[in-house]
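Scroll down for the structure; my scribbles are underneath it.
Throughout, residue positions are numbered sequentially from 1 according to the sequence presented. Only this structure's heavy atoms are used, side chains among them; waters, hydrogens and symmetry mates stay out.
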Amino acid sequence: NGEVIAGSAVVLAAGHSALDALRMAQRAGARLEPKGFAMGVRVEHWQSWLDAIQYHGRKAEAGLPPSFYELVARSGDRAVYSFCMCPGGWSVPSQARPDTLVVNGMSLSRRDSPHANSGIVVEISPEDWCGRRGGRWGWHELLKRAAKLSADPMLHEGTVAQGRLPESPEEDPLFGTRLQLALETIASHAGGGAGKAPAQRIDRFVREEPSVPDDLIATSYLPGLTVSDFATILPKGLTRRLREGLREFGRILPGFDGPNGQMIGVETRTSSPTRILRDEVTREAEGVRGLYPAGEGAGYAGGIVSAALDGIAVARVLNAALTTSTTVPHPPEAPAP
């Protein structure tokens with residue numbers, strides 16, 4: 001409404017999906033840089049199957065809780081790994097912008113859902129979306145498809161509007177967020193709207209077999225699923241690495257890549273693809289005096305605990321400065337060891 005609230009210090013601690021906060025900081029003069037993140041899908045299995053694998057059939061007699069897993073594989077020079085595994089949990093929609101779809105997971109304290117779910121994501125570095133390497137991943141095709149489906153400005157500006165990929169990561173520090181939005185837009189249309197998510201049996205995807213209408217498995221995802229082929233949704237570089245990772249997970253947990261597992265997509269919000277640069281000592285944003293980026297949205301954390309720790313560190317700097325001044329000067333350099 002035009003009201004201005006002045007302060008001697010402003011802490012910017014938005015969540016990692018707050019693209020408007022990143023753009024606001026950039027307009028104010030803050031320097032941004034691209035950073036690595038990960039994207040993929042959420043997979044769902046029966047919790048009873050996972051318990052039988054992990055506990056060798058002794059869950060009931062030993063009174064054990066719903067089991068979980070932590071999986072990591074390599075596909076060439078990139079990692080494929082499980083993320084935010086939810087035993088006895090629910091797959092849920094978590095998009096924040098219209099005409100997009102993002103899938104996440106959660107567990108209630110009882111962990112009594114019959115389903116286990118986890119993100120299975122592929123590591124992406126800024127170099128992976130630049131120049132010829134980015135072309136081999138298929139990002140250009142992904143962006144063109146998304147731009148035809150959405151009028152979101154993030155998909156119609158910068159190098160995207162010029163019809164090319166950046167030559168270097170620094171050319172467009174927000175490019176990773178454009179890839180997130182592109183994939184989320186395509187997933188939303190593949191799901192058919194109303195929060196419905198595209199889904200495919202894992203064995204069909206791994207074996208490169210087409211999906212059929214009766215493939216879908218009972219799910220915890222309440223908005224509903226639409227049978228799909230993720231090879232037509234994900235860019236080719238992501239598809240290849242995800243297939244290789246899922247095959248490896250099937251060797252670690254026999255049946256993981258079998259007909260009782262289901263992919264639901266897409267999982268894109270693992271961490272922020274962009275970081276607001278700040279001074280290592282004062283934690284003040286480069287380019288904007290008095291602005292203190294913190295946590296996941298600023299690119300300095302990768303989860304609840306690390307975000308909290310980063311917030312504590314920023315609070316300590318500010319507390320030390322404010323106890324000696326009505327403004328927020330740079331604290332003195334730490335003494336040499």
Side-chain angles (χ1 to χ4, degrees), residues 1-5 7 9-40 42 83-84 92-106 119 121 124 126 129 143 146 150-158 160 169 172-188 195 266-279 283-315 318:
N1 63 1
E3 180 184 4
V4 175
I5 302 174
V10 175
V11 177
L12 182 60
H16 69 63
S17 297
L19 303 184
D20 53 344
L22 287 172
R23 292 169 72 89
M24 177 182 66
Q26 187 182 45
R27 289 194 300 269
R31 290 183 56 207
L32 308 183
E33 71 174 1
K35 60 178 284 292
F37 68 114
M39 294 196 295
R42 186 149 287 264
F83 173 82
C84 184
V92 295
S94 61
Q95 58 270 16
R97 296 167 81 93
D99 299 319
T100 64
L101 181 73
V102 182
V103 178
N104 209 321
M106 57 169 280
V121 295
I124 302 168
W129 63 68
L143 289 162
S150 172
D152 193 308
M154 291 290 289
L155 300 175
H156 294 272
E157 62 185 21
V160 177
D172 185 354
L174 287 170
F175 199 82
T177 66
R178 303 185 203 281
L179 298 183
Q180 285 178 323
L181 284 173
L183 190 52
E184 293 159 9
T185 297
I186 291 170
S188 175
V266 288
E267 175 100 15
T268 55
R269 303 286 173 158
T270 55
S271 67
S272 174
T274 304
R275 177 180 292 117
I276 303 174
L277 292 174
R278 68 186 184 189
D279 185 276
R283 298 181 185 267
E284 192 175 43
E286 294 185 13
V288 183
R289 294 295 302 271
L291 180 65
Y292 292 80
E296 283 203 86
Y300 290 96
I304 297 170
V305 174
S306 58
L309 291 173
D310 191 62
I312 290 170
V314 170
L318 288 175

From L155 atom CG to L179 atom CG, the distance as rounded to the nearest 0.5 Å | 9.5 Å
Go through R97 and E184 one step at a time and tell me if the side-chain contact (heavy atoms from CB on, under 4.5 Å) criterion holds.
-> CA-CA 9 Å; R97 296 167 81 93; E184 293 159 9; 5.6 Å; no
Of all the heavy-atom pairs spanning E157 and P153, show the shortest one and how long it is.
-> CG-O, 3.1 Å
Can you name the nearest heavy-atom pair linking R283 to Y292, along with the distance?
-> O-CD2, 3.3 Å
With sequence neighbours left out, the residues meeting side-chain contact (heavy atoms from CB on, under 4.5 Å) with S188 are L101
Heavy-atom distance under 4.5 Å between the side chains of V102 and Q180, does that happen here?
-> no
Which atom names give the shortest non-hydrogen contact between P126 and P169, and what distance separates them?
-> CB-CB, 3.6 Å
Are D152 and T185 close enough, and set up right, to give a side-chain contact (heavy atoms from CB on, under 4.5 Å), and what steps lead you there?
-> CA-CA 10 Å; D152 193 308; T185 297; 6.0 Å; no
Do the non-hydrogen side-chain atoms of P173 and R31 ever get within less than 4.5 Å of each other?
-> no
Side chains of L181 and L19: closer than 4.5 Å at any heavy-atom pair?
-> yes
Looking at CG of L22 and CZ of R27, how far apart are the two atoms once the value is rounded to the nearest 0.5 Å?
-> 10.5 Å
Shortest non-hydrogen contact between S272 and F37, atoms and distance = O-CB, 4.3 Å
Are any non-hydrogen side-chain atoms of D99 and S150 less than 4.5 angstrom apart?
-> no
Name all residues meeting the side-chain contact (heavy atoms from CB on, under 4.5 Å) criterion together with V92; count only those two or more places apart in sequence or in a different chain, and write none if there are none.
-> W90, N104, M106
OG1 of T274 to CZ of R23, rounded to nearest 0.5 Å, is 10.5 Å
If you take all heavy atoms of V103 and E267, which pair is closest and at what distance?
-> O-OE1, 2.9 Å
How about I124 and M39: do any of their side-chain heavy atoms sit closer than 4.5 Å?
-> yes
Enumerate, atom names and distances included, each donor-acceptor pair closer than 3.5 Å involving a side-chain atom of residues 297-308, sequence neighbours excluded.
{"residue": "Y300", "atom": "OH", "partner": "I276", "partner atom": "O", "Å": "2.7"}
{"residue": "Y300", "atom": "OH", "partner": "R278", "partner atom": "N", "Å": "3.2"}
{"residue": "S306", "atom": "OG", "partner": "G302", "partner atom": "N", "Å": "2.9"}
{"residue": "S306", "atom": "OG", "partner": "G303", "partner atom": "N", "Å": "3.2"}
{"residue": "S306", "atom": "OG", "partner": "G303", "partner atom": "O", "Å": "3.3"}

Give the minimum heavy-atom separation between A25 and L12, together with the two atoms involved.
-> CB-CD2, 4.1 Å
Spacing of CD belonging to Q95 relative to OG1 belonging to T100, to within rounding of 0.5 Å | 5.5 Å
Apply the test side-chain contact (heavy atoms from CB on, under 4.5 Å) to residues D172 and R178: give CA-CA distance (whole Å), side-chain angles for both, the deciding distance (0.1 Å), then the verdict.
-> CA-CA 10 Å; D172 185 354; R178 303 185 203 281; 2.8 Å; yes
